[in-house]
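Notes to accompany the following structure.
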Amino acid sequence: MPANFSKSVLLLSLLLGLGQAQAATEPNPTALAASLGIPHPAVIAHRGASFDAPESTAAAYKTARDLGADYLEMDLQRSKDGVLFALHDNKLQRTTDVATKFPERKDSPANAFTLAELKTLDAGSWFNTAYPDRARPAFVGLKILTLDEIIDIAEGNPLHKPGLYIETKEPKQFPGIERDLKDKLQARGWLIPADSKPANSELAVGQGHGKVVLQTFEKSSLELLQKEMPQVPKVLLLWVGEGSIEPESRVSFADSGEQDKAAYYAKQQPKDKAEFQQWIDYAKAQGAIGTGPSAALTQGGDQSYTDLVKPWMNQYTHDQGMLVHVYTVDDAVDYQKVMEAGVDGIFTNRASELLKFYKRPAAASVGQVLQNNGF
Ligand code: G3P
Ligand code: CA
């Protein structure tokens, strides 16, 4: 073989080899999600289908499930007598009739109530008052749900089994909640053994390795979740402000001169690139498979925060081998924006709209699904 030819072959192989090495290290969020059993992009029904029905109730979760959402999202708390239940707010006034049923305790935290007391509350009527155009008589009297009851709902449709996306809400109020959660998931058969086979993409999300995703804003809770359930995918939630990413400006909302919080948050940004990156690095080091950053929404509103899904941010997160699930986005214009920026899934109150956007529309309308479930 002529010397020049063999040198050329050597050079070519080296170049090809380098190309392959580069391709091997190129971030591939789709493959990463598949290996974890997490749909890509993921539809995460925020407190259930909470645009269409009272948040965190059976109506919201059954609707999200039957529309075909990948995950039922919930904020986990623990009652005074030790039962895990789902509720976003610390207190009960916004979403229940606690002021009527327990007037002297209306400002007490939800965790100061026993489950029996919580179950006396009407967690549906507030929605009819707040959103008369979406009101339904069957929402009156809906109950706060336990984690057990939400698991029953997730398992309840033979044609579609969503996963659970569980947030430890204000976990410092609930010492040991990570262990309690593990025990419950284990008892209900929702913990896949750490040494079981890799994800099978044929399985429904609620049956595979990604059937549970754990999420928290709290570093200490992430560490405890990792200790208790190392095999379960975990996501560190991010925002700009106290306890999370340090802002560039320390001017408070009150001193900012802004009229609404969304405008204030939209002008916020991380102190610098390194500040953002160190939160991603921390999440990675603690075993998280991704982050859950906030978004600034086109229409503003009370779920519009700082834009933490800028393309460079998502790129950095992907470069670390992690996924990005952004909260909480409801409009097509914003779905488009965050997808173009590179996110891998969206928390939404409007699972039906996001499914349409992803070209996976539900077989039935929201109204039909509600009706089919007796609402
Ligand atoms: O869990 C993601 C998103 O839900 C975080 O915001 O306040 O709605 O729990 P929040
Ligand atoms: Ca949440």
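In each ligand, atom 1 is the first atom listed, and ligand 1 is the first ligand listed.
Relative to the ring axis of Trp190, Lys184 does not place its NZ or CZ within 45° and under 6.0 Å from the centre. Under a cutoff of 6.0 Å and an axis angle of 45°, Arg105 and Phe102 form a cation-pi pair.
A donor-acceptor contact closer than 3.5 angstrom is absent between the side chains of Tyr282 and Gln278. Between Asp331 and Gln299, the side chains place no donor N or O within less than 3.5 Å of an acceptor N or O (distance only, hydrogens not considered).
Each ring-ring contact (aromatic ring centres under 6.0 Å, His included) pair with one or both residues in residues 26-75, not counting sequence neighbours, appears once here: Tyr71-Tyr165.
Salt-bridge annotation for Lys337 and Asp307: absent, with no side-chain N of the basic residue lying under 4.0 Å from a carboxylate O of the acidic one. The pair Lys234-Glu228 does not meet the salt-bridge criterion, since no charged nitrogen lies less than 4.0 angstrom from a carboxylate oxygen. The pair Glu218-Lys172 counts as a salt bridge, with a side-chain nitrogen and a carboxylate oxygen less than 4.0 angstrom apart.
Within 4.0 Å of ligand 1, heavy atoms belong to protein residues His46, Arg47, Glu73, Asp75, His88, Glu167, Lys169, Gln215, Phe217, Leu237, Tyr327, Phe347.
Residues that satisfy the ring pair (Phe, Tyr, Trp, His ring centres under 6.0 Å) test with Phe375, not counting sequence neighbours, are absent from this structure.
Counting only protein atoms, the N, O or S atoms lying less than 3.0 Å from the Ca ion (ligand 2) are Glu73 OE2, Asp75 OD1, Glu167 OE1, ordered by chain and residue number.
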